[in-house]
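Working notes, beginning with the structure itself.
Just so it is clear: chains get the letters A, B, ... in the order the sequence lines come, proteins before strands, and each one is counted from 1.
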Amino acid sequence: MNREDIERIEPANFIEEEVKKDLLNGTYNEVVTRCPPEPSGYWHIGHCKAWLIDFETARKFGGYTNLRMDDTNPTKEDGNFAESYLADLEWLGCFPKKVIYASEAYFDKMYELAEKLIMDGKAYVCELSAEDVARTRGTLTSAGENSPYRDRPAEESLRLFRDMKAGKFKDGEVTLRAKIDMASPNINMRDPVIYRVLHATHYKTGDKWCIYPMYDFAHPIEDALEGITHSICDISFEDHRPLYNWFIQNCFPDMKNPPRQIEFALFNLEYVLLGKRYLKQLVNNGVVMGWDDPRFYTIVGMRRRGITADAVKNFMLNIGITKSVSILPLSAFEYYVRDDLNKKATRAMAVLDPLKVIITNYNGEPEEIEIENNPNDENAGKHKAKFGREIYIEKEDFSLAPPPKYNRLVEGGIVRLKGAYIIKCNKAVLDKNGEVDYLECEYFPDTKSGCDNSGMKCKGTIHFVEKSNSFEVTIREFKNLVKQEYLEPSKALASGVSVEELIDSDTLVERKALAENFLKTAQVGDKFQFMRKGFYCMDKDSTEENFVFNSTISLKDTYKK
RNA sequence: AGGGGUGUAGCCAAGCGGUAAGGCACUAGACUUUGACUCUAGCAUGCGUAGGUUCAAAUCCUGCCACCCCUGCCA
């Protein structure tokens with residue numbers, strides 16, 4: 001990308017401002033970012049923000065992004081996750097230039113650099129136990145004390161480090177530490193551990209290693225080796241930046257344009273639980289259907305629910321990127337879910353709570369009507385439905401004692417059936433309990449949708465299905481997993497509330513609905529708007545006999561009773 | 001004797017010395033064969049707070065206050 005192109009770019013946030021400056025003043029000639037997940041769990045909506053920033057920042061300035069597994073801890077990681085990430089990224093519309101496993105690509109070089117640090121007098125093998133390391137680290141307000149091993153000869157440290165690598169020590173017995181400053185006000189600089197002994201099989205490197213580098217050491221080296229220019233991360237690493245820079249300076253003293261770490265703040269969503277260990281607990285205890293439960297805000301969960309990648313992306317682009325902590329109402333996200341689905345979802349009719357209606361003046365076979373697949377999209381076409389003598393409407397669309405401004409069906413009143421005719425209710429037939437059993441209505445043949453020349457006007461339009469053109473489907477509706485009183489689940493958990501207490505019971509409601517036959521052609525993952533109700537997505541649990549639709553989100557309802 | 005951050009409307013968030021963008025939410029109203037969508041209007045004499053500099057301050061300076069993060073051989 002040439003200078004003029006760069007000058008023309010409007011930064012959308014402070015990170016892009018910095019990147020633009022760095023490009024314009026010649027610090028870097030291109031932008032290379034990295035998406036560095038630790039392969040240890042399912043991604044959720046929070047990760048999406050981070051990854052989208054990585055990819056979007058590079059894309060905007062003509063650069064590229066690598067997917068790099070930050071797999072330096074064999075006890076936590078699993079190759080199966082690594083593989084799922086590529087699919088998740090593709091879903092988000094992010095395409096990494098390279099896929100790199102840090103373990104495989106960089107462990108040798110890291111080891112080499114650790115030896116160099118030792119020989120430069122910048123690192124030493126420490127024989128303090130984990131407890132003693134913690135004890136001598138000092139506190140937030142007081143300096144730490146030097147390890148007794150701090151000043152041992154470099155040759156001795158080197159020999160011991162090689163012994164570490166050779167497997168001559170047990171887990172936890174010794175560590176390699178950077179020699180920085182035990183009195184630093186920044187605790188990260190107090191001789192951090194950079195290698196630990198871990199006799200564990202790594203999913204990628206197997207048993208080749210029994211020592212593993214720590215994040216603070218590994219990450220800057222990975223970035224430097226890979227030619228990363230901007231290493232964008234969460235604000236919790238702000239304190240680590242001096243360390244990040246220290247490792248690059250000391251490992252690559254001649255590097256001209258070292259990578260730069262920039263931090264931004266993640267966000268919280270009201271009532272949304274994201275913590276891996278808590279979700280795991282819910283999965284293991286059978287509280288939910290799995291990691292892809294539609295009530296989870298994991299990527300797999302959102303996909304199963306019917307939330308689109310564009311909705312997630314638009315949301316992220318809109319909430320902004322800053323360094324201030326934020327907690328967003330769910331409605332801020334849901335707006336984008338509806339907005340995107342409104343453009344894409346095929347319209348259909350389904351009656352969730354059926355009330356039988358007999359059209360007394362309609363005799364003979366049902367007739368065909370047409371339903372627009374999407375009124376917002378001229379190219380979406382239409383599909384066929386039917387109208388006939390026996391139809392079903394929503395129970396809530398009829399009232400014996402209508403509240404004010406009720407413009408649905410009442411006794412003696414008229415209403416339009418979507419895509420069909422205007423009908424008038426002549427009689428509500430009650431059952432022995434006094435409840436409405438069914439309705440007797442008449443229709444007006446000259447009011448057919450599309451060729452109505454009757455001049456009749458009615459205030460309301462309701463959806464319906466015709467008996468022979470409908471079939472029973474299963475609808476799954478979801479309530480928020482977290483109880484109403486816990487606006488910020490992570491805080492509640494931190495203050496001692498248990499997961500059991502946090503989680504609402506009965507957040508999954510399964511019910512039957514009558515859907516038009518058109519839905520029989522649906523495939524798993526297809527998204528629909530059941531008119532006047534909400535958006536639904538066909539679930540993978542569907543069978544030939546039982547179609548299951550997940551409620552993605554309801555339509556907005558501004559009717560005030 | 002710690003260090004690092006952040007404070008602009010109910011919630012996000014622009015703003016970069018020249019007199020408070022935008023979005024969500026909410027409230028009215030218009031339109032409507034989805035009470036959806038769309039459209040129109042309203043919504044901070046105020047920018048954590050107290051001073052100071054200036055013709056002019058959310059923007060610069062000083063003090064104070066509040067909240068968040070940091071004492072893993074996790075990332």
Length of the [atom1]-[atom2] vector between [X] and [N], whole Å:
X        : N     : atom1 : atom2 : answer
A:Asp181 : B:G2  : CG    : P     : 17 Å
A:Lys323 : B:A13 : NZ    : C1'   : 17 Å
A:Met316 : B:G23 : CE    : P     : 20 Å
A:Met189 : B:G4  : CE    : C1'   : 13 Å
A:Asn314 : B:C24 : CG    : C1'   : 14 Å
A:Lys418 : B:A36 : NZ    : P     : 13 Å
A:Leu243 : B:G3  : CG    : P     : 18 Å
A:Lys459 : B:U33 : NZ    : P     : 15 Å

Quick one: label [X] by what it contacts on the DNA or RNA (base, sugar-phosphate, nothing), any heavy atom closer than 4.0 Å.
X        : value
A:Gly419 : base
A:Lys405 : base
A:Gly450 : base
A:Ser326 : sugar-phosphate
A:Arg177 : nothing
A:Glu17  : base
A:Leu555 : base
A:Phe315 : nothing
A:Glu270 : nothing
A:Lys276 : nothing

Donor-acceptor pair under 3.5 Å, [X] side chain vs [N] base:
X        : N     : result
A:Thr461 : B:U34 : no
A:Asn407 : B:G35 : yes
A:Arg241 : B:G4  : no

(message) With the 90 degree cut-off around zero defining syn, does B:G72 come out syn or anti?
(response)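 Here B:G72 takes the syn form, which means its glycosidic angle is within 90° of 0.
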
Should [X] and [Y] count as an ion pair when the cut-off is N to O under 4.0 Å?
X        : Y        : result
A:Lys533 : A:Glu396 : yes
A:Arg260 : A:Asp22  : yes
A:Asp223 : A:Arg68  : yes
A:Glu263 : A:Arg241 : yes
A:Glu115 : A:Arg162 : yes

(request) Apply ring pair (Phe, Tyr, Trp, His ring centres under 6.0 Å) to A:Tyr85 and list each qualifying residue two or more places apart in sequence or on a separate chain. (result)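 With neighbours one apart ignored, the set is A:Trp43.
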
[N] to [M] separation - [atom1] atoms, rounded to the nearest Å:
N     : M     : atom1 : answer
B:A28 : B:C69 : P     : 40 Å
B:U49 : B:U59 : P     : 11 Å
B:U71 : B:A66 : C1'   : 24 Å
B:G48 : B:U6  : P     : 13 Å
B:A25 : B:C12 : C1'   : 11 Å
B:G10 : B:G42 : C1'   : 16 Å
B:U19 : B:G29 : P     : 36 Å
B:C60 : B:A1  : P     : 32 Å

Who does [N] pair with, Watson-Crick or G-U, both distances under 3.5 Å?
N     : result
B:G17 : none
B:G63 : B:U49
B:C39 : B:G29

(request) Assess the pair A:Phe333 and A:Phe267: is the distance between their ring centroids shorter than 6.0 Å? (result)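 Centroid distance A:Phe333-A:Phe267: not below 6.0 Å, so no.
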
(message) Quick check on A:Lys323: does its NZ atom have over 12 non-hydrogen neighbours (other residues, nucleotides or ligands) under 6.0 Å away?
(response)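 It does: A:Lys323 NZ has more than 12 such atoms within range.
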
(message) I need a per-nucleotide contact map over nucleotides 68-75 of chain B, read 5' to 3'. Cutoff is protein heavy atoms under 4.0 Å; write B for the base, S for backbone only, - otherwise.
(response) -BBBSBBB

(request) Could you check if a side-chain atom of A:Glu367 sits within less than 4.5 angstrom of a side-chain atom of A:Lys448, using non-hydrogen atoms only? (result)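 Yes - at least one pair of side-chain heavy atoms lies under 4.5 Å apart.
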
(request) Would you mind telling me which of A:Arg177, A:Arg150, A:Lys179 makes a side chain to side chain donor-acceptor pair (under 3.5 Å) with A:Asp191? (result)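 Testing A:Asp191 for a side chain to side chain donor-acceptor pair (under 3.5 Å) against A:Arg177, A:Arg150, A:Lys179 leaves exactly one candidate, A:Arg150.
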
(request) Taking only the side-chain heavy atoms of A:Arg408 (C-beta and beyond), determine which of B:G35, B:C11, B:A25 contains the nearest atom. (result)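 That would be B:G35.
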
(request) Determine: side-chain N/O of A:Thr322 to OP1/OP2 of B:A13, distance under 4.0 Å, yes or no. (result)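 So the side chain of A:Thr322 is within the cut-off, an N or O lying under 4.0 Å from OP1 or OP2 of B:A13.
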
(request) Give a yes/no on whether any side-chain N or O of A:Lys556 is located under 4.0 angstrom from OP1 or OP2 of B:C26. (result)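 Affirmative; the distance criterion is met.
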
(message) Need to verify one output field. Residue with the more 5' nearest nucleotide on RNA chain B, A:Ala143 or A:Arg338?
(response)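 So the residue in question is A:Ala143.
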
